[in-house]
Asker: 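So that we are looking at the same thing, I have put the structure below in structure tokens.
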Amino acid sequence: MRVLVTGGAGFIGSHIIGSLQAAGHEPVVLDALLPSAHPTAPEPPPAESRHVDVRDAAGVRAALHGIDAVCHQAAMVGLGKDFADAPAYVSCNDLGTAVLLAAMAETGVRRLALAGSMVVYGEGRYDCPRHGLVRPGPRRPEDLSAGSFEPRCPICGAELVPGLVGEDAPSDPRNVYATTKLAQEHLVAAWARAVDGTAVSLRYHNVYGPGMPRDTPYAGVASLFRSALARGEAPRVFEDGGQRRDFVHVRDVAAANVRVLEAADGLPVGALTVYNAGSGTPHTVGEMAAALALAHGGPQPVVTGEFRLGDVRHITADSSRLRRDLGWHPETGFAEGMAEFARAGQRASAAVGG
């Protein structure tokens, strides 16, 4: 299978390239190599490569010649710095996806794997002891400033018990990045209906591993902590460190993409299929920082009580559907993965990721 990987020179994309080659497929890299994403020239990819922005319709159409499937990873990632980033997010993520899908419709490519994200759910699943399943509203700045980080029942104000979110849960994006990721899924669903395409969105959890970009507000928290340790500084943990996340290794995410592309013939046609892609073992942000610091040899994390309004408290999802339907299983455990990541190399600082 000949697969076009948009953002194929980026963190996750480069691992997908390697996994496709290991599985006997022929990947083709499409990447804009924007200076904001690649401040230093990346190593030549070990595959055919096209220096094309996914928003360049002519360039994308040319790159799709002879392609059997597309793995769409190109995106601007993370929360960004402030709302002034919104036009850039919408342009990179949503306009870029629309241009790609239009070119696929024109050239007859009918198989797509999309890099989705668990951020489309907003806050995770919560149960109230009195009212059962509830959806808390956005956390209030005055509560966060007072150190009250846990969402409470919107009916009675009781403490809530966090749980796992399934793919059928309603979406509730809480920031610009999350909104653009949900818009990508809607665009892909519309494309699949229009052309009888086969499309899957893998809603990634907190992906980490060798080759993450360093020292950037757009990167994941694992990268920020790893960058601090590399400078000999203590990782700064926001809130009280009790935020629950699912840290999934990048090699497992790459393997999930290969599995989705290989299984496309058995997936629904004319619709978007959604899968959560996580390790299945939630950990707190504080636990992750401590594990990285221990494996790196210090310094120990510092819990700051700081917060960002765009952050959610707990978001961990049920990834059993992907295991059940496609037989995918993560192979890198939390302790093993963090020990490797603590010593692994990182990419130069980036603002935009593919």
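The model shown is predicted, which means the values in this text are computed figures rather than measured ones. Atoms considered below: every heavy atom in the structure, side chains included; atoms not considered: hydrogens, waters and symmetry mates. Along the sequence shown, residues carry numbers from 1.
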Asker: Could you tell me if the side chain of Val207 sits less than 4.5 Å from the side chain of Phe247, heavy atoms only?
Answerer: no
Asker: Do Asn276 and Tyr121 get their side chains close enough for a donor-acceptor pair, meaning under 3.5 Å?
Answerer: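 There is such a pair (donor and acceptor under 3.5 Å, judged by atom type) between the side chains of Asn276 and Tyr121.
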Asker: Quick check against the 3.5 Å criterion: does Arg174 have a side-chain atom that pairs as donor or acceptor with the backbone of Val312?
Answerer: no
Asker: Answer whether the closest heavy-atom distance between the side chains of Cys156 and Cys128 falls below 4.5 Å.
Answerer: yes
Asker: Side-chain atoms of residues 329-342: list all donor-acceptor pairs with protein atoms under 3.5 Å, sequence neighbours left out, distances to 0.1 Å.
Answerer:
{"from": "Glu340", "atom 1": "OE1", "to": "His249", "atom 2": "NE2", "distance (Å)": "2.8"}
{"from": "Glu340", "atom 1": "OE1", "to": "Arg251", "atom 2": "NH2", "distance (Å)": "3.3"}
{"from": "Glu340", "atom 1": "OE2", "to": "Arg251", "atom 2": "NH1", "distance (Å)": "2.9"}

Asker: Between Arg110 (side chain) and Val195 (backbone), is there a donor-acceptor pair under 3.5 Å?
Answerer: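 Looks like yes, one N/O pair under 3.5 Å.
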Asker: Hey, mind stepping through His72 and Thr97 against side chain to side chain donor-acceptor pair (under 3.5 Å) and telling me if it holds?
Answerer: CA-CA 8 Å; His72 185 30; Thr97 298; 3.0 Å; yes
Asker: Taking atom NE2 of His51 as the centre, does the number of heavy atoms from other residues, nucleotides or ligands within less than 6.0 Å exceed 12?
Answerer: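 More than 12 heavy atoms, drawn from other residues, nucleotides or ligands, come within 6.0 Å of this atom.
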Asker: Could you check whether Asp172 pairs with Arg135 (Lys NZ or Arg NE/NH1/NH2 to Asp/Glu carboxylate O, under 4.0 Å)?
Answerer: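 Arg135 and Asp172: salt-bridged.
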Asker: May I have the step-by-step check of side-chain contact (heavy atoms from CB on, under 4.5 Å) for Val237 and Phe225, ending in yes or no?
Answerer: CA-CA 8 Å; Val237 180; Phe225 291 170; 3.9 Å; yes
Asker: Apply side chain to side chain donor-acceptor pair (under 3.5 Å) to the pair Glu159 and Tyr126, showing each step before the final yes or no.
Answerer: CA-CA 9 Å; Glu159 291 189 9; Tyr126 293 91; over 6 Å; no
Asker: Using a strict threshold of under 4.0 Å (side-chain N to carboxylate O), is an ion pair present between Arg2 and Glu48?
Answerer: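 Salt bridge: yes.
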Asker: Could you go through residues 15-24 and list every donor-acceptor pair under 3.5 Å that involves a side-chain atom there, pairing it with any protein atom two or more places apart or in another chain?
Answerer:
{"from": "His15", "atom 1": "NE2", "to": "Pro210", "atom 2": "O", "distance (Å)": "3.0"}
{"from": "Ser19", "atom 1": "OG", "to": "His15", "atom 2": "O", "distance (Å)": "3.3"}
{"from": "Gln21", "atom 1": "NE2", "to": "Pro46", "atom 2": "O", "distance (Å)": "2.4"}

Asker: Output, in order, the C-alpha distance, side-chain angles, deciding distance and verdict of side-chain contact (heavy atoms from CB on, under 4.5 Å) for Val200 and Leu272.
Answerer: CA-CA 6 Å; Val200 170; Leu272 173 67; 5.6 Å; no
Asker: Answer yes when Asp94 and Lys181 have at least one side-chain N-carboxylate O distance shorter than 4.0 Å, and no when they do not.
Answerer: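 No.
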Asker: Can you find a heavy atom in the side chain of Arg245 that is under 4.5 Å from one in the side chain of Val285?
Answerer: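 Yes, at least one pair of side-chain atoms sits under 4.5 Å.
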Asker: Please determine whether side-chain contact (heavy atoms from CB on, under 4.5 Å) holds for the pair Asp85 and Phe83, giving the CA-CA distance in whole Å, both sets of side-chain angles, and the decisive distance to 0.1 Å.
Answerer: CA-CA 5 Å; Asp85 288 331; Phe83 203 84; over 6 Å; no
Asker: Does the distance from a Lys or Arg side-chain N to an Asp or Glu carboxylate O, for Glu239 and Arg313, drop under 4.0 Å?
Answerer: yes
Asker: Would Asp56 and Arg61 count as a salt bridge (charged side-chain N to carboxylate O under 4.0 Å, His left out) if you check the C-alpha gap in whole Å, the side-chain angles of each, and the deciding distance to 0.1 Å?
Answerer: CA-CA 9 Å; Asp56 175 358; Arg61 284 196 299 270; over 6 Å; no
Asker: With a 3.5 Å cut-off and no angle check, do the side chains of Thr6 and Gln73 form a donor-acceptor pair?
Answerer: no
Asker: Taking all heavy atoms of Leu292 and all of Ala222, pick out the closest pair and write down the distance.
Answerer: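 Scanning both residues completely, I find the closest heavy atoms to be CD1-O, 3.9 Å.
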Asker: Do Val70 and Leu30 come within less than 4.5 Å of each other through their side chains, counting heavy atoms only?
Answerer: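 Of all side-chain heavy-atom pairs linking Leu30 with Val70, none is under 4.5 Å.
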Asker: Got more than 12 heavy atoms from elsewhere within 6.0 Å of CZ, Arg231?
Answerer: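 For Arg231, atom CZ is crowded (more than 12 foreign heavy atoms under 6.0 Å).
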Asker: What is the distance from atom CZ of Arg259 to atom CG of Leu322, rounded to the nearest 0.5 Å?
Answerer: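 Separation between the atoms: 9.0 Å.
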Asker: Between the side chains of Arg111 and Asp265, is the shortest nitrogen-to-carboxylate-oxygen separation below 4.0 Å, so that they form an ion pair?
Answerer: yes
Asker: How about Asp143 and Ser148: does a side-chain donor come under 3.5 Å of a side-chain acceptor?
Answerer: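 No donor-acceptor contact under 3.5 Å links the two side chains.
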Asker: Any chance you could lay out the side-chain contact (heavy atoms from CB on, under 4.5 Å) test for Glu26 and Met1, step after step, and finish with the verdict?
Answerer: CA-CA 6 Å; Glu26 183 183 355; Met1 181 167 45; over 6 Å; no
Asker: For residues Val260 and Leu326, determine if any side-chain heavy atom of one lies less than 4.5 Å from a side-chain heavy atom of the other.
Answerer: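 Yes, close enough: below the 4.5 Å cut-off.
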Asker: Could you tell me if the side chain of Leu112 sits less than 4.5 Å from the side chain of Leu101, heavy atoms only?
Answerer: yes
Asker: Looking only at the side chains, is there a donor atom on one of Asp246 and Tyr204 sitting less than 3.5 Å from an acceptor on the other?
Answerer: no
Asker: Would you say Arg55 and Ser91 are linked by a side-chain donor-acceptor pair, where the criterion is simply a distance under 3.5 Å?
Answerer: yes
